[in-house]
**Student:** 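This is the structure I want to talk about, given as structure tokens.
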Amino acid sequence: MALLLVVLCPGSAWAGLKPGDPIPALDHGVSSAATVPPTDGRVVLLDFWASWCPPCKASFPALARLHRDYASRGFVIIAVGVDEKVSAHEAFLRRLEPPFFTLHDRDGRIVSDVNVPAMPTSYMFARDGRLRFIHTGFHGKVSEAALREQIESLLDEKE
Amino acid sequence: MQTNPSRTVPALALMMLVALLAGCGTVRVQPWERGVLGEYSMRPDRDPLAAALGEHTFFSREATGGGRAVGGSSCGCN
């Protein structure tokens with residue numbers, strides 16, 4: 001019985017997004033009134049960040065460069081903030097002024113559904129809406145170069 | 001075979017308690033729930049004097065020093 005309860009206990013197994021999965025629903029539990037940009041036929045980077053996470057802060061300028069270079073070719077960044085405090089979320093955005101779309105998953109429903117393994121984690125979806133690549137953490141130029149390579153290969157693919 | 005209820009009930013209760021405690025051992029703080037752990041007040045080196053005194057104690061009593069200069073943010077990454 002003890003073994004059964006341990007197995008059934010929530011949190012004992014990680015079951016997050018895996019390659020081939022579709023883009024998760026982003027419209028529920030979001031306090032922001034902003035509209036999620038269209039993702040059909042686009043390469044989408046779904047990024048989970050928080051104001052208290054230094055690697056997330058380090059990743060934003062890189063994400064801004066990727067947005068600048070590839071948005072016109074059909075690349076969309078959706079950055080999901082998971083701060084519990086609205087003030088911390090808003091202060092972070094005021095300070096960094098990201099040019100890409102952000103939303104606030106205030107009650108943590110999206111991030112719980114996705115079950116991210118670390119902060120930050122970003123998920124790259126191909127034009128067919130299926131998950132292709134997962135990036136855990138942000139490692140400066142190495143991560144940016146890997147993202148660029150993957151974005152370019154996915155942008156070149158036909159839907 | 002007959003069982004003695006006065007022994008069976010406490011034994012079952014004990015088993016359930018152990019099972020519940022064992023189950024709780026697998027619950028962990030999720031990566032996106034670590035904002036509080038990343039706050040300034042949770043930093044072990046927030047007080048320079050206390051940090052220096054602690055370092056002196058470790059050095060003089062346990063012959064150890066350093067190793068606390070790793071940046072951390074509670075993210076579980078990098």
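Throughout, protein chains are lettered first and strands after them, A, B, ... in sequence-line order, and every chain is numbered starting at 1. Side-chain atoms are counted along with the backbone in the values below, which use heavy atoms only and exclude waters and symmetry mates.
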**Student:** Would the number of heavy atoms belonging to other residues, nucleotides or ligands and lying under 6.0 Å from CZ of B/R61 be above 12?
**Tutor:** no

**Student:** Only one of A/T121, A/D105, A/N115 forms a side chain to side chain contact (heavy atoms under 4.5 Å, CB included) with B/W32, so which one is it?
**Tutor:** A/N115

**Student:** What part of A/S112 gets closer than 4.5 Å to chain B, counting heavy atoms only: side chain, backbone, both or neither?
**Tutor:** both

**Student:** Compare every heavy atom of B/P31 with every heavy atom of A/P117, then report the nearest pair and how far apart it is.
**Tutor:** O-CG, 3.3 Å

**Student:** Count the heavy atoms of every other residue, nucleotide or ligand shown that sit under 6.0 Å from CD of A/E152, and state whether that count exceeds 12.
**Tutor:** yes

**Student:** Could you tell me if the side chain of B/E39 sits less than 4.5 Å from the side chain of A/W52, heavy atoms only?
**Tutor:** no

**Student:** Is it the case that atom CD in B/E33 sees more than 12 heavy atoms from other parts of the structure closer than 6.0 Å?
**Tutor:** yes

**Student:** Hydrophobic clustering (ILVMFWY, side-chain heavy atoms < 4.5 Å, transitive) - are A/F138 and A/I151 grouped together?
**Tutor:** no

